Amino acid sequence: MATENGRKTPSFALSVGVFVVAAFFISYGILKLEAEAHMPILAAAVFAALVGRFILGVPWKEMEEGMINNIAVALQATLILMIIGMIIGAWIQSGVVPGLIYYGLMILKPSIFLVATLLTCSVVSLATGSSWTTTATIGIAMLGIGNGLGVPVPITAGVIISGAYFGDKMSPLSDTTNLAPAVSGAELFDHIKAMVWTTGPTYVIILAVLTFIGFRYGGGELDASRIHAIQSFMRAEFPISLACLIPPVLVITLAVMKMPAIPGLFAGLFAGIAMAFLSGSGIGDIMNVVQNGYSASISEEVSGAADIAAAAAAMAKAGIAGVAPELGKEVAATVSKLVSRGGLQSMMWSISLIFVALSFGGVMEACGFLETIIGTLTKGIRKVGTLVAAVIGSCIISNIFLGDQYLSLVVPGRMFRNTFLKSGLAPRMLSRTLEDAGTLTSALVPWNTCGAYQTSVLGVGPLVYGPYAFLNWGNPLMAIFLTYMRIGIYWRKEDGTDVVEKKGTFEIQD
């Protein structure tokens, strides 16, 4: 270890060793102890700080500044997440999210079940910004429908995962979609537009593949009763109309007009509040939902009924007809889980986890561990495709060894940020690549928090549904392919704007 300015520069072996031990702390805490990610990540940060202080001689002030600077980078993202929590609550109360689900279910047909499953899960995850909520609600419903059609569970589960993580990756309401540009220095909607280059072609290919596979199951009979039951509960509890398209279209339109993310999202929030008010909700109820989230009423009453007779009585009281009480009680539980969410407070867990993960990354960076690792990994790299492949590889390794989706964005993001700046690539290139691999491959690792969660929800693990989660493994490959083909590469101009150009190489300053 060389000495520089009174402190030691970590060797590659020490840097990797710290990374491996930190990965052990996090993986053991999350997977073996089944603890939430916060404390294991904090333990890893403490370990890295102790090594930095007593082996490398890094002053505590420098490590503290590293943590604070890292957190400061994500402050805009945390503001956006708080607004998103409020939006979800308002959009559910006003019938926006339920309406999108209601009309999404209408496209289900036996001959296009797999395509419809992908599209429906994509719509729900785009509307909610949550892959976990999508798989735990609509995903479970799709598994039941697929069983009735004779579609193998692994195929259905893989398609559900693909659709769910499409929204997790592309929705401005998603925490990862906000975190990736925050750690990369990119703007939210610039980041989303950049992802279209890699996600769009991948999605089109998946649609073609699923259309071909779906022909084998075109003769099955659709369980229309379950679809009817879900839609009946949606109509009974929410004001369902095509007006549900107004707030999402408004947000998208303002983004295309290049309005900054925060005022654009506030416009979507106010549109949802206005719709809720016009639908008969009181100001106090709306304020409570925006703060604490929506709590299901009719569906919760039916699902919590003591017996079938009580469930039938509750359904009759709500005007729900043509649904068997047994099925109604089951479907009510699904609907209740789907809509009981949102609110400002719902985002505090994610924000606290982001702060802890960024603190860990700040310590790693301040002690020089990240700089040493990335310097070795990127030595001799001159092609954009090779650099993108290195980022994707780092994200996958982080998902495997760190066991958490957030860390697969934060750690590689901090490791490669300066490299991308020196290369002349736009920050959105890094944020896009982080999501192409970090967000998507998390569901393919059995012991990752995402993989473990999806296993518990769907009843099959990543090793079973993984081959059919086409988006999750296909998108990283598409990202590498396109960059090697010099397609969709954003460069940062001297005036601070980004431009898509074809360049074969770039020079990294030493």
Side-chain angles (χ1 to χ4, degrees), residues 114-115 117-119 121-122 125 131-132 134-135 139 142 151-170 174 176-177 180 194-214 385-409 412 431-455 457-458 460-485 487-488:
L114 293 176
V115 171
T117 298
L118 178 69
L119 293 175
C121 290
S122 297
S125 61
S131 58
W132 288 23
T134 302
T135 56
M142 293 300 181
V151 181
V153 169
I155 298 179
T156 305
V159 175
I160 291 168
I161 291 293
S162 291
Y165 277 84
F166 172 80
D168 198 330
K169 181 180 191 288
M170 299 298 293
S174 168
T176 58
T177 309
M195 289 194 293
V196 173
W197 283 94
T198 55
T199 309
T202 308
Y203 200 83
V204 170
I205 293 173
I206 293 172
L207 284 173
V209 171
L210 293 181
T211 299
F212 176 78
I213 296 176
T386 307
L387 181 60
V388 167
V391 176
I392 288 175
S394 298
C395 291
I396 294 173
I397 290 172
S398 296
N399 268 323
I400 293 173
F401 289 101
L402 298 182
D404 184 76
Q405 184 187 60
Y406 290 123
L407 288 180
S408 72
L409 302 178
S431 64
R432 177 179 83 185
T433 307
L434 292 175
E435 287 244 72
D436 285 339
T439 297
L440 294 182
T441 62
S442 61
L444 301 180
V445 180
W447 52 86
N448 187 283
T449 51
C450 291
Y453 173 82
Q454 302 302 348
T455 299
V457 168
L458 299 177
V460 291
L463 298 181
V464 177
Y465 66 65
Y468 305 101
F470 299 116
L471 181 74
N472 298 67
W473 57 261
N475 205 157
L477 296 178
M478 178 65 72
I480 296 173
F481 172 75
L482 290 178
T483 47
Y484 270 112
M485 296 298 293
I487 298 174

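Just so you know, these numbers come straight off a predicted model, no measurement behind them. Computed over heavy atoms, backbone and side chain alike; hydrogens, waters and symmetry mates excluded.
At least one donor-acceptor pair closer than 3.5 Å links the side chain of Ser408 to the backbone N or O of Gly438. Between the side chain of Thr199 and the main chain of Val196, no donor-acceptor pair closer than 3.5 Å is present. A donor-acceptor pair is defined here as one N or O able to donate and one able to accept, closer than 3.5 Å; no such pair exists between the side chain of Thr198 and the backbone of Ala479.
Counting only residues at least two apart or on different chains, the salt bridge (charged side-chain N to carboxylate O under 4.0 Å, His left out) pairs with a member in residues 436-452 are Lys169-Asp436.
Here the closest non-hydrogen pair linking Ser442 and Gln405 is OG-NE2, 3.2 Å. Between Leu434 and Ala180, the shortest heavy-atom distance links the atoms CD1-O, 4.2 Å. Scanning all heavy atoms of the two residues, the minimum distance from Ile161 to Asn472 falls at CG2-OD1, 3.5 Å. Contact between Ser122 and Ser125 at its shortest, heavy atoms only, is O-OG, 3.1 Å. Taking all atoms of both residues into account, the shortest heavy-atom contact from Ala164 to Ser131 is O-CB, 3.5 Å. The minimum heavy-atom distance linking Thr455 with Gly451 is given by the pair OG1-O, 2.8 Å.
Annotation: side chain of Cys395 is in contact with side chain of Val391 (closest heavy-atom distance under 4.5 Å). By the 4.5 Å heavy-atom criterion applied to side chains, Pro446 and Leu463 are counted as neighbours. Using a 4.5 Å cut-off on side-chain heavy atoms (C-beta onward), Leu477 and Ile392 make no contact. Side-chain contact between Tyr468 and Pro152 is absent, with no heavy-atom pair separated by less than 4.5 Å. Counting heavy atoms from C-beta on, the side chains of Asn475 and Tyr165 never come closer than 4.5 Å.
The side-chain hydrogen bond (donor to acceptor under 3.5 Å, both in side chains) search around Trp197 returns Tyr490, not counting sequence neighbours. The side-chain hydrogen bond (donor to acceptor under 3.5 Å, both in side chains) search around Thr433 returns none, not counting sequence neighbours. Shown here are the ring pair (Phe, Tyr, Trp, His ring centres under 6.0 Å) partners of Phe166, two or more places apart in sequence or in another chain: Tyr203. With sequence neighbours left out, Thr176 forms a side-chain hydrogen bond (donor to acceptor under 3.5 Å, both in side chains) with Asp168, Ser174, Glu435. Residues passing the side-chain hydrogen bond (donor to acceptor under 3.5 Å, both in side chains) test with Tyr406 are Asp175, Ser350, sequence neighbours excluded.
With rounding to the nearest 0.5 angstrom, the CD1 atom of Ile205 is 11.0 Å from the CG atom of Leu471. To the nearest 0.5 Å, atom CG of residue Leu444 and atom OH of residue Tyr465 are 6.5 Å apart. Rounding to the nearest 0.5 Å gives a distance of 10.0 Å between CG of Leu114 and CD1 of Ile160.
In this model, a donor atom of one side chain and an acceptor atom of the other lie less than 3.5 Å apart for Tyr484 and Thr386.
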Practice item. Show the numbers, then the answer: is there a side-chain contact (heavy atoms from CB on, under 4.5 Å) between Phe470 and Leu118? Key: CA-CA 11 Å; Phe470 299 116; Leu118 178 69; over 6 Å; no

